[in-house]
Amino acid sequence: MHAKMTKLQALFSLSLVFLCLCSTTLGQLAPAQAPAQAPAKPADTPAPRGTPDVTKILQKAGGFTILIRLLRTTAVADQIRGQLDNSDTGFTLFAPTDSAFSNLKSGTLNSLSNEEKIRLMQFHTLPKFYSLENFETVTNPVRTQAGDTNPGDYPLNLTAAGGQVNISTGLVNATVSGTLFSAKQLAVYRVDKVLLPLDIFVPKPPAPAPAPVKPKAKKAAASPKSSSTTTNPTLVVDSSAVALITEHGMLVSVGFSVFIAAFSLL
């Protein structure tokens, strides 16, 4: 009896061990449960609002260190951002790369005054939003933020053909080589050259000298009269005229005398 109980206990222990092994094996073979996924954002999530910052746009693009410094030191970047919220027309910025600035003649930027640097940055800015398609129908000359469309007021000439936009300052011919930003009334285009305005980088001819003033003619001084000698004008009379006057004078006298005598007899 005792031996039978021992066999049953051994069989029961083996069964437990088998069940444990089976559960462990099945747990390893079961596929791992996939982690819960984050809920997807709705497709119609509005874009973040805010006024575009040209310096951040240029920083993100890379390769515009010199332009960013000039835009900040001249406060043109702040001017663009401050006016975007109140502008109905927007702005367009032509952005020369660091490579374009390095191709300038040595000392070009250092030779400019603070006022000229401001003009230079404003010369790269148009007070209107232009898409690439707008350049095909633009009317030249185009006004820049530095002035107006008249000669001497920092205008630009733009032409577009076959998807290529060319810019002429009268001194430099540049090409738009890419779009960095175009939204919210702000367009920023990469250009391959620094736009140099004639009004800064071409010396103006000297003003013509004023015409010499003609001296006024001096009046001749009257000669002082001599206290000792008086000069009377000389009258020249023809001898025949004197004879006629004398003859007529005598006739008048005779006629007058006869008239008086006749009157006294009455």
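For clarity, every value in this text was computed on a predicted model and none was experimentally measured.
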| field | Residue that, paired with Y189, satisfies ring pair (Phe, Tyr, Trp, His ring centres under 6.0 Å) out of F135, F91, F64 | value | F135
Check whether any side-chain heavy atom of [X] sits under 4.5 Å from a side-chain heavy atom of [Y], and report yes or no.
X: T169; Y: L156; result: yes
X: V194; Y: T108; result: no
X: Y154; Y: Q122; result: no
X: L126; Y: F94; result: yes
X: N166; Y: N173; result: no
X: F201; Y: V172; result: no
X: Q164; Y: T175; result: yes
X: Q59; Y: I68; result: yes

Please report the interatomic distance [atom1]([X]) to [atom2]([Y]), rounded to the nearest 0.5 Å.
X: S113; Y: R119; atom1: OG; atom2: CZ; result: 10.5 Å
X: D153; Y: R143; atom1: CG; atom2: CZ; result: 10.0 Å
X: Q185; Y: L84; atom1: CD; atom2: CG; result: 7.0 Å
X: I200; Y: F123; atom1: CD1; atom2: CZ; result: 8.0 Å
X: S182; Y: L132; atom1: OG; atom2: CG; result: 7.0 Å
X: I66; Y: L109; atom1: CD1; atom2: CG; result: 7.0 Å

Does [X] reach the main-chain N or O of [Y] with its side chain, forming a donor-acceptor pair under 3.5 Å?
X: R81; Y: D53; value: no
X: T89; Y: P127; value: yes
X: D192; Y: A174; value: no

| According to the side-chain hydrogen bond (donor to acceptor under 3.5 Å, both in side chains) rule, which pairs have a member within residues 125-138, sequence neighbours left out? | S131-E133, S131-N134
Output a table of donor-acceptor pairs, distance under 3.5 Å, between side-chain atoms of residues 70-80 and any protein atom two or more places apart or on a different chain; print 'none' if there are none.
| unit_1 | atom_1 | unit_2 | atom_2 | d |
| --- | --- | --- | --- | --- |
| T73 | OG1 | R69 | O | 3.0 |
| T73 | OG1 | L70 | O | 3.3 |
| T74 | OG1 | L70 | O | 2.6 |

| query | Taking all atoms of both residues into account, what is the closest heavy-atom pair of S99 and S102, and its distance? | reply | O-OG, 2.6 Å
| query | If you group Ile, Leu, Val, Met, Phe, Trp and Tyr by side-chain heavy-atom gaps below 4.5 Å, do V188 and M121 land in one group? | reply | yes
| query | More than 12 heavy atoms of other residues, nucleotides or ligands under 6.0 Å from CG of D85: is that the case? | reply | yes
| With sequence neighbours left out, what residues match F129 under ring-ring contact (aromatic ring centres under 6.0 Å, His included)? | none
